[in-house]
Asks: 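Pasting a structure below so you can have a look.
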Amino acid sequence: MSKDIPIGLKIKAIREARGLSQIEVVERLTEKGINMSRETLSKIENGNRTVSAVELNALCKVLNIDINILFEEDEDDDLVTLFRKKKFSEKTIEEVEKLQDMIKMFIYQKKIYNGEFKPQKRKPLWEEC
């Protein structure tokens with residue numbers, strides 16, 4: 001079962017992961033010949049406006065992403081859920097869960113290494129109190 005995430009939300013998530021403000025994205029779009037206001041970008045990100053193919057192409061170049069990333073579907077079901085549905089033993093499910101966690105961590109690390117994902121900087125817990 002797939003879960004559809006609107007393209008605007010994906011654009012917003014990637015923009016924020018890159019540490020770019022809406023203003024910075026709009027300025028970079030202008031350099032590429034696309035005139036878009038910050039408000040328009042906000043509407044796109046919030047799903048209140050469609051995005052044209054030309055705008056989408058320019059946004060992908062500004063965000064330095066492959067356009068196909070925006071059309072990938074996120075899977076709701078993971079391997080553990082699949083194995084549970086097939087009624088495997090709890091021991092097997094635990095092993096699959098460990099394997100799945102290792103794979104997720106590997107993919108996450110690979111994205112960071114390739115510069116595809118920038119983890120959010122967080123304050124240490126002792127500074128948040």
Side-chain angles (χ1 to χ4, degrees):
M1 183 181 297
S2 67
K3 178 181 166 187
D4 292 328
I5 299 175
I7 288 176
L9 284 180
K10 290 180 180 179
I11 291 170
K12 181 178 182 179
I14 294 167
R15 176 184 59 75
E16 290 177 345
R18 299 265 190 261
L20 296 170
S21 69
Q22 289 179 335
I23 300 259
E24 290 170 318
V25 170
V26 167
E27 288 172 354
R28 292 181 185 189
L29 285 172
T30 302
E31 293 170 4
K32 299 203 176 290
I34 302 293
N35 291 320
M36 180 184 293
S37 69
R38 190 205 58 79
E39 291 78 14
T40 300
L41 178 58
S42 177
K43 287 179 182 177
I44 291 170
E45 289 182 348
N46 292 313
N48 295 323
R49 180 185 178 277
T50 58
V51 58
S52 72
V54 173
E55 292 169 335
L56 191 59
N57 187 40
L59 279 167
C60 289
K61 287 179 181 175
V62 165
L63 297 173
N64 194 24
I65 58 169
D66 182 72
I67 197 166
N68 293 319
I69 289 174
L70 298 175
F71 296 101
E72 290 177 352
E73 293 183 355
D74 293 329
E75 297 293 325
D76 278 346
D77 292 343
D78 55 18
L79 284 176
V80 174
T81 305
L82 178 66
F83 275 70
R84 277 207 173 99
K85 287 180 180 176
K86 299 286 183 182
K87 301 189 180 195
F88 279 83
S89 71
E90 279 302 312
K91 184 178 179 187
T92 301
I93 292 171
E94 287 175 16
E95 291 172 356
V96 168
E97 188 173 12
K98 288 178 185 174
L99 178 63
Q100 180 178 280
D101 288 344
M102 288 190 311
I103 292 169
K104 284 181 179 177
M105 187 57 67
F106 174 76
I107 291 170
Y108 177 74
Q109 295 294 328
K110 185 179 177 188
K111 284 183 177 180
I112 291 173
Y113 179 77
N114 291 335
E116 297 172 20
F117 178 75
K118 184 177 172 184
Q120 293 180 342
K121 292 183 180 178
R122 304 177 94 185
K123 289 183 179 179
L125 289 175
W126 60 87
E127 290 183 10
E128 292 182 3
C129 296

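Along the sequence shown, the residues carry numbers beginning at 1.
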Asks: Would you find a donor on one side and an acceptor on the other, under 3.5 Å apart, between the side chain of Arg18 and the backbone of Leu63?
Replies: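 Yes; at least one donor-acceptor contact below 3.5 Å.
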
Asks: Report yes or no: do Met102 and Leu82 belong to one cluster of Ile/Leu/Val/Met/Phe/Trp/Tyr joined by side chain heavy-atom distances under 4.5 Å?
Replies: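 Different clusters.
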
Asks: Indicate if Ile7 and Val54 have the same hydrophobic cluster label, given that clusters are the connected sets of ILVMFWY residues with side-chain heavy-atom separations under 4.5 angstrom.
Replies: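 Ile7 and Val54: one cluster.
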
Asks: If you round to the nearest 0.5 Å, how far is CG of Asn35 from CG of Leu29?
Replies: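 One gets 9.5 Å once the value is rounded to the nearest 0.5 Å.
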
Asks: Counting distance only, does the side-chain N/O of Arg15 pair as donor-acceptor with the main-chain N or O of Leu20 below 3.5 Å?
Replies: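 Indeed, once roles are kept as given, a pair shorter than 3.5 Å links the two residues.
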
Asks: Could you pull out the closest heavy-atom pair between Val80 and Val96, with the gap in Å?
Replies: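 What the structure gives for the nearest pair is N-CG1, 4.2 Å.
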
Asks: If Ile, Leu, Val, Met, Phe, Trp and Tyr residues are connected whenever their side-chain heavy atoms lie under 4.5 Å apart, and connections chain through other members, are Leu99 and Ile107 in the same group?
Replies: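 Both belong to a single hydrophobic cluster.
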
Asks: State the NZ-CG distance between Lys104 and Leu79, to the nearest 0.5 angstrom.
Replies: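 One finds 8.5 Å between NZ of Lys104 and CG of Leu79.
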
Asks: If I compare all heavy atoms of Ala58 with all of Ile34, which pair ends up nearest, and what's the gap?
Replies: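 Taking every non-hydrogen atom into account, CB-CG1, 3.5 Å.
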
Asks: Where do Leu56 and Val51 come nearest, in terms of heavy atoms and distance?
Replies: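 In terms of heavy atoms, the two residues are closest at N-CG2, 3.7 Å.
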
Asks: Any chance you could measure Met36, atom CE, to Lys43, atom NZ, to the nearest 0.5 Å?
Replies: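 Here the interatomic distance stands at 11.5 Å.
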
Asks: Give me the atom names and distance for the closest heavy-atom approach of Ile44 to Thr50.
Replies: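 That closest heavy-atom pairing would be CG1-O, 4.1 Å.
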
Asks: Decide yes or no on side chain to side chain contact (heavy atoms under 4.5 Å, CB included) for Arg84 and Ile93, but give the supporting numbers first.
Replies: CA-CA 7 Å; Arg84 277 207 173 99; Ile93 292 171; 3.5 Å; yes

Asks: With rounding to the nearest 0.5 angstrom, report the CD to CZ distance, Glu95 to Phe88.
Replies: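 Glu95 atom CD to Phe88 atom CZ measures 11.5 Å (nearest 0.5 Å).
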
Asks: So, do Leu59 and Leu41 sit near enough that their side-chain heavy atoms are less than 4.5 Å apart?
Replies: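 They are in contact (side-chain heavy atoms under 4.5 Å apart), so the answer is yes.
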
Asks: Determine whether Ile69 and Ile14 satisfy the following criterion, side chain to side chain contact (heavy atoms under 4.5 Å, CB included), listing intermediate values before the conclusion.
Replies: CA-CA 10 Å; Ile69 289 174; Ile14 294 167; 4.3 Å; yes

Asks: To the nearest 0.5 Å, what is the distance between CG (Asn57) and CD (Glu55)?
Replies: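 Reported value, rounded in 0.5 Å steps: 11.0 Å.
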
Asks: If you measure from NZ on Lys10 to CD1 on Ile65, what distance do you get to the nearest 0.5 Å?
Replies: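 So the gap between those two atoms works out to 10.0 Å.
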
Asks: So, does Lys12 use its side chain to make a donor-acceptor pair with the main chain of Glu45 at under 3.5 Å?
Replies: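 No.
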
Asks: Can you confirm whether the side chains of Asp66 and Asn68 place a donor and an acceptor under 3.5 Å from each other?
Replies: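 Indeed, the side chains of Asp66 and Asn68 share at least one donor-acceptor pair under 3.5 Å.
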
